[in-house]
Number of protein chains: 2
Amino acid sequence: MLSITEENYLKALFRLTCEEVGKTDAGTNEIAAQLEVKPATASDMLRKLKEKKLIEYEKYGKSTLTRKGKKMAMEIVRKHRLWETFLYEKLGFTWDEVHEVAEQLEHIQSPKLIDRLNAFLGNPKYDPHGDLIPRADGEFKLVEKKTLNDIAEGETGMVVGVSDNSSEFLQYVDGLGIAINRPLKVISRKPFDAILEIEVKGKRSSISTRLADHIFISREIKKSTKA
Amino acid sequence: MLSITEENYLKALFRLTCEEVGKTDAGTNEIAAQLEVKPATASDMLRKLKEKKLIEYEKYGKSTLTRKGKKMAMEIVRKHRLWETFLYEKLGFTWDEVHEVAEQLEHIQSPKLIDRLNAFLGNPKYDPHGDLIPRADGEFKLVEKKTLNDIAEGETGMVVGVSDNSSEFLQYVDGLGIAINRPLKVISRKPFDAILEIEVKGKRSSISTRLADHIFISREIKKSTKA
DNA sequence: TAGCAAAGTTAGACTAATCTAACAAAAGTT
DNA sequence: AACTTTTGTTAGATTAGTCTAACTTTGCTA
Ligand SMILES: [Mn+2]
Ligand SMILES: [Mn+2]
Ligand SMILES: [Mn+2]
Ligand SMILES: [Mn+2]
């Protein structure tokens, strides 16, 4: 069985390679940064994970997950997102509070627990941040996300997620009325100043394109028609 | 913040001193046995916990929890039992499955989580094994338990708990129809053979007095302890 | 009360995970 | 091609938690 630390390395590599569009491998420094450890520490661990056949890695080279490593990483991400959904749906946690606790809960070892939790939540497809929950059978579609910057003036989109999970960010956008599954209209754009005016729940605000880039809109899933 | 290991030592000491009637302290070997480590290991840790003012301990002496240590131990036990209740009530785990997973869940750090979980479960007083759940304010009444061996022939009692949480034991008594909050009648006793005949849900079985000693009947408040 | 067994401690070794400092390789720039 | 910067590795130290083996203290019992 893997240690919590080893699990965290697999998860980090998964996020960097399988969940970033147009990326297929990751360097040692990048992995170290993701985990907030020094490159020397990550270097050691990568050698160890290679020995366990969980990653492909050669000295001075980039790393990728093996099939086995990817399967384990996805299980951890699945647990993380199911727990986030539980905290949000059942215990009334807010958008920005769930992540930190899920970081701990994702390491609980019990296949039965996660099965039952999934059923209890009604087989959810997305977590409270709009991220796809990997399925138990290992099925996982990478969802290409459109951001608020892709919405034209006068158009309305549905908020489906964010790419910044920091408390500061989540609280700020919450203050603007922005939340999952809420319609958001782009009133006007000021390209010269890199700002756009939006309306959510009848309330107007101005946000920078930098911030807009972290807000995902719509999803290639049709929700009004049928499931 | 305490490590998981330190938390486990506090919990072990709590169980050995505050939850055993007529015991007020515990020896190093006893603590080591409870945690399944060698006495040498426990000896080291006891010194460390004394330094942190969580226990009273002198070389070659017995150990007890300080007020601070007891408060922390009770919080862990509270978390353990709330999680057991969650697994049993909400996720349909059986009596014998909850303990192992709760051993992991009890170490999750989030006061808000445990508050919300408690509310979600409707402020339960007892866990699925009939053990009292310590309250958030540190209130904890020690429940003196009467065993099946204290019930006379022809009398009926209510099953309120067990003192053996092993899977083997729980599955066996489950097979006899024995469960929490279920009436149980003692039909006859055979002291010569150390056996008694019982009836649960209309079904008769014979069990040894050795086994009967692990089944708690009725519930009487005897002594109360304050944090 | 002297001796021995049980209970408890200390010393030394090991593993996992981390760090800093020094070094090596790869990549980028003139 | 030579130099520089970035990236990555190795060596050595540190901390937490564990073990075994050897030692010490306590306390029972003959
Ligand atoms: Mn983690
Ligand atoms: Mn999420
Ligand atoms: Mn534990
Ligand atoms: Mn219990």
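Residue numbering restarts at 1 for every chain, and letters A, B, ... go by the order of the sequence lines. Just so you know, these numbers use all the heavy atoms, side chains as well, and skip hydrogens, waters and symmetry mates. If you're wondering where the values come from, they're calculated on a predicted model, not measured in any experiment.
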Integer-rounded Å distance: [N] [atom2] and [X] [atom1]:
{"X": "B:K38", "N": "D:dA16", "atom1": "NZ", "atom2": "C1'", "answer": "20 Å"}
{"X": "B:D44", "N": "D:dA21", "atom1": "CG", "atom2": "P", "answer": "17 Å"}
{"X": "A:K62", "N": "C:dA26", "atom1": "NZ", "atom2": "C1'", "answer": "10 Å"}
{"X": "A:K50", "N": "D:dT9", "atom1": "NZ", "atom2": "P", "answer": "11 Å"}
{"X": "A:N8", "N": "C:dA16", "atom1": "CG", "atom2": "P", "answer": "17 Å"}
{"X": "B:Q34", "N": "C:dA7", "atom1": "CD", "atom2": "C1'", "answer": "18 Å"}
{"X": "A:D25", "N": "D:dT7", "atom1": "CG", "atom2": "P", "answer": "14 Å"}
{"X": "A:M45", "N": "D:dT9", "atom1": "CE", "atom2": "P", "answer": "14 Å"}

Does [N] have its OP1 or OP2 closer than 4.0 Å to a side-chain nitrogen or oxygen of [X]?
{"X": "B:T41", "N": "D:dT18", "result": "no"}
{"X": "A:Y9", "N": "C:dT18", "result": "yes"}
{"X": "B:S43", "N": "C:dT10", "result": "no"}

Q: From the options C:dA7, D:dT18, D:dG8, select the nucleotide whose nearest atom is closest to the side chain of B:V37.
A: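 Of the candidates, D:dT18 comes closest.
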
Q: Just compare D:dG8, D:dT24, C:dT10 and give me whichever is closest to any side-chain atom of B:Y60.
A: D:dT24

Q: Look at all strands and tell whether A:T5 reaches a base, only sugar-phosphate, or nothing, counting heavy atoms closer than 4.0 Å.
A: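 Touches sugar-phosphate only.
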
(Q) Quick check for you: to the nearest 0.5 Å, what is the distance between A:I133 atom CD1 and A:T85 atom OG1? (A)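 Rounded to the nearest 0.5 Å, the CD1-OG1 separation comes to 3.5 Å.
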
(Q) Need to verify one output field. Residue with the more 5' nearest nucleotide on DNA chain C, A:P39 or A:K59? (A) A:P39

Q: Would you kindly compare A:I4 and A:A40 by the position of their nearest DNA chain C nucleotide and give the one closer to the 5′ end?
A: A:I4

**Q.** Test item: side-chain donor near acceptor, B:H107 and B:N8, under 3.5 Å
**A.** yes

(Q) Between A:Y9 and A:F14 (judged by ring centroids, cut-off 6.0 Å), do the two rings come close enough to count as a pair? (A)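 A:Y9 vs A:F14: aromatic centres not under 6.0 Å.
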
Q.
Students often mix this up, so state it plainly: with edges at 30° and 60°, are the rings of A:H99 and A:H80 parallel, tilted or perpendicular?
A.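 Tilted, since the angle between the ring planes falls between 30° and 60°.
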
Q. According to the interplanar angle, ranging from 0 to 90°, do the rings of B:F169 and B:H214 count as parallel (below 30°), tilted (30 to 60°) or perpendicular (above 60°)?
A.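 Perpendicular, since the angle between the ring planes exceeds 60°.
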
